[in-house]
**Q** 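Quick one: this structure, given as structure tokens, is what I'll be asking you about.
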Amino acid sequence: MIPMLIQGLTWDANLSAFSMWIIAGLIISSVGFKMNPILKGISVAFLVLLPSAILIAWKEPFSLIPISAMTLILGGTLGVAFDKLGARIIYDKRN
């Protein structure tokens with residue numbers, strides 16, 4: 001979000017990206033895929049991005065390169081964060 005604000009993008013683009021990551025985080029935290037947390041975060045993030053990516057690729061296909069890179073990094077980070085947070089919450093409830 002911060003790079004988008006620095007670039008001076010429109011508010012609709014900023015709100016779209018922000019809402020995408022809120023929804024991606026919600027889905028990553030609640031989905032029960034039995035896989036590596038990094039891969040779970042990346043796969044869910046790309047699935048959430050897919051409809052927007054199709055629209056973006058139609059007009060500006062080269063802009064998908066930085067978007068995909070950030071989705072890869074942030075999706076993996078969210079997957080690990082929710083895995084660690086979830087493990088900590090379960091551990092705290094047991095003790």
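When reading the values below, keep in mind they use all heavy atoms of this one structure, side chains included, and skip hydrogens, waters and symmetry mates.
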**Q** Taking a hydrophobic cluster as the set of Ile, Leu, Val, Met, Phe, Trp and Tyr residues connected by side-chain heavy atoms closer than 4.5 Å, whether directly or through intermediates, do Ile27 and Met35 fall within one such cluster?
**A**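 Same hydrophobic cluster.
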**Q** Does Phe82 share a hydrophobic cluster with Ile73, counting links as ILVMFWY side-chain heavy atoms below 4.5 Å and allowing steps through other members?
**A**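 Result: no, two separate clusters.
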**Q** In Å, rounded to the nearest 0.5 Å, how long is the span from CG of Asp12 to CG of Leu15?
**A**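 Answer rounded to 0.5 Å: 7.5 Å.
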**Q** Pairs of donor and acceptor atoms involving the side chains of residues 47-66, under 3.5 Å and at least two apart or interchain, shall be tabulated with distances.
**A**
residue	atom	partner	partner atom	Å
Ser63	OG	Glu60	O	2.7

**Q** Between Ser29 (side chain) and Gly25 (backbone), is there a donor-acceptor pair under 3.5 Å?
**A** yes
**Q** Would you be so kind as to tabulate the donor-acceptor pairs closer than 3.5 Å made by side chains of residues 36-46, with sequence neighbours excluded?
**A**
residue	atom	partner	partner atom	Å
Asn36	OD1	Ile38	N	2.8
Lys40	NZ	Val31	O	3.4
Ser43	OG	Leu39	O	2.9
Ser43	OG	Lys40	O	3.0

**Q** Is Leu74 reachable from Ile23 through a run of hydrophobic residues whose side-chain heavy atoms are each under 4.5 Å from the next?
**A** yes
**Q** What distance separates Asp83 CG from Ile28 CD1, expressed to the nearest 0.5 Å?
**A** 11.5 Å
